[in-house]
Protein chains: 2
Amino acid sequence: MAETGLARFSAREVAKRIGYSIGTLYNVFGSYDGLMLALNARTLALWAEHLRDRLAAAGEDRIKALVCGYFEFARDNPKAWIAIYEHHMADGGPAPESYQALAADLMSVAAGEVARELPDSRPETVLALTRSLVATVHGHCAFALYRTFSMLGETAPADAALARVRETLEAARRP
Amino acid sequence: MAETGLARFSAREVAKRIGYSIGTLYNVFGSYDGLMLALNARTLALWAEHLRDRLAAAGEDRIKALVCGYFEFARDNPKAWIAIYEHHMADGGPAPESYQALAADLMSVAAGEVARELPDSRPETVLALTRSLVATVHGHCAFALYRTFSMLGETAPADAALARVRETLEAARRP
DNA sequence: CACCAGAAATGAACAGCGTTCAATTAAAAT
DNA sequence: ATTTTAATTGAACGCTGTTCATTTCTGGTG
C-alpha cells in the first residue's frame, strides 16, 4: 500500500507478494474490505504511536508537537494515510467497532492536550473543540498531500494549521 | 456518479445509460481520467455557481453565506463532491491547466470575501489566509461527509467551521 | 441517382480485478 | 495406520479500463 497507493492496491497482488494464493487471503480476511480494514487499523495504530512518541519527547509546546506529529506521519506515509480516508465499506456502512475504537483513541490523544490547554473548560466543551481542531488540521494536511496547496502557492501548511489551532485555543481562553 | 459514487462508477455503465458503446465513450473522452475530469470539472463549476448565488442573495453576513454555501453543496451532492477529491490521475501527475483554473476560480470566490473582511491587508496576506480558511472549512466538511464527525458525536460541523473562520478573521484584524 | 471521402460508432479481445467454493493438501488426534 | 480437522489451492464468474480493426453513418460531388 505504501508503495502503490490505494488505487493500484489489490488483494491479488498482496497474495502474490506474500507467497499465498488469493483463496487463502480471502479465508483469512474474508473480503477486500476486511483486508483494507486490517491494513488501515495498523496505520491508525502506528499514527497514534507516533503522536504519543512526539508528545513524550516534547518540551513546553505540546500543541506544536501534536500538530507537527500529525503532519509528519502523513508526510512520511502519504499513501497509507490517504488510504485511511479514501477506503469506504462496500455497503457504505460504518466500520466495525474495533476499528472505530482506534480512531477514537487517536482523537483522545488530541483531546488530552486540548484539556491541558483549557483546564477550566467542561469535558464536553473540550471534546467539541478537539473535534473541530482535528478537522482544521486534517483539512490543512489533506490539502498538503493532495497537492491542492502547492497548486495554490502554499508552502507551509503545517505552520498555517498550527496558527489556526493557536487562535482557536486563545479564543477559547477569553471570557 | 451522484447515484453510485466513485467506487461503483464505471465508464462502461455510463456508456450503457447514455445509449452509446464503450468505444465511442473512449473516442470522446480518451480515457477514464478524461471522463472523470470532465465530470469533476462540471461539479466544480456548479459548486462555484452555487457559492456565487448564495453570496448574491446574502445579507450582511457574507462569510456565513460562504461557509454555509460550501457545506450545502457538499451535502446536496455528496458523492460528486467526494469524487472531486478522491479521483487521482492514473500517472499521479497534476490535472490539466483548464481544470486547475476551475479550482482557482472557486478559491477566488473565497478570497474576494476575505479581502472584503480585511480591507487593510496586503493581497498576498489575503491569499495565504484564504487558503488556510478554505482548508479549515474543507476539513470540517470532509469529516461531516465521511461520517467521522457523527462517529465522534459532532452534530453541527458547519457551525463549528464558521466559528473557526470567525476566530481567524478576528485575529487577523487585531494589531 | 450513384459514388465516395471523412467522421462517427462499434464490440470483440486482452489483462486485470474481487469473490466463491469444490477439491486438494497438510497437520493433528486417535 | 487411520481418521478427523485445519489449511490451502486455483479455476471459474462477472466485472473493470483499454485498444483498435471493422463497420456504419453522413454530407458532398459528379
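Order of the sequence lines sets the chain letters (A, B, ...), proteins ahead of strands, with each chain counted from 1.
In terms of polar N and O atoms assigned as donor or acceptor, the side chain of B/Asn27 comes within less than 3.5 Å of the base of C/dA9 in a complementary pairing.
More than 12 heavy atoms of other shown residues, nucleotides or ligands fall within 6.0 angstrom of atom CZ in B/Arg52. The number of heavy atoms from other shown groups lying within 6.0 Å of OH (A/Tyr20) does not exceed 12.
Between the C1' atom of C/dG18 and the CG atom of A/Asp91 lies a distance of 15 Å, rounded to the nearest Å. Here D/dG14 presents its C1' atom at 14 Å from CZ of B/Arg8, a figure rounded to the nearest Å. What separates CG of B/Leu25 from P of D/dT18 is a distance of 11 Å, to the nearest Å.
A salt bridge links B/Asp61 to B/Arg166: one of the charged nitrogens lies within less than 4.0 Å of a carboxylate oxygen. A salt bridge is absent between A/Arg174 and B/Glu167; no separation between the charged side-chain nitrogens and carboxylate oxygens falls under 4.0 Å. Between A/Arg173 and A/Glu117 a salt bridge is recorded (basic side-chain N to carboxylate O distance below 4.0 Å).
Test A/Arg17, A/Lys79, A/Arg8 against A/Glu3 for side chain to side chain donor-acceptor pair (under 3.5 Å) and you get one pass: A/Arg17.
Of the residues in residues 28-41 of chain A, not one comes within less than 4.0 Å of DNA chain D through any heavy atom. DNA chain D is contacted by B/Ser10, B/Ala11, B/Arg12, B/Ile22 of residues 10-24 of chain B, taking any non-hydrogen atom closer than 4.0 Å.
Side-chain polar atoms of A/Glu86 and B/His87 form no donor-acceptor pair below 3.5 angstrom.
Interatomic distance, CG of A/Leu66 versus OH of A/Tyr70, reported as 10.0 Å (0.5 Å rounding).
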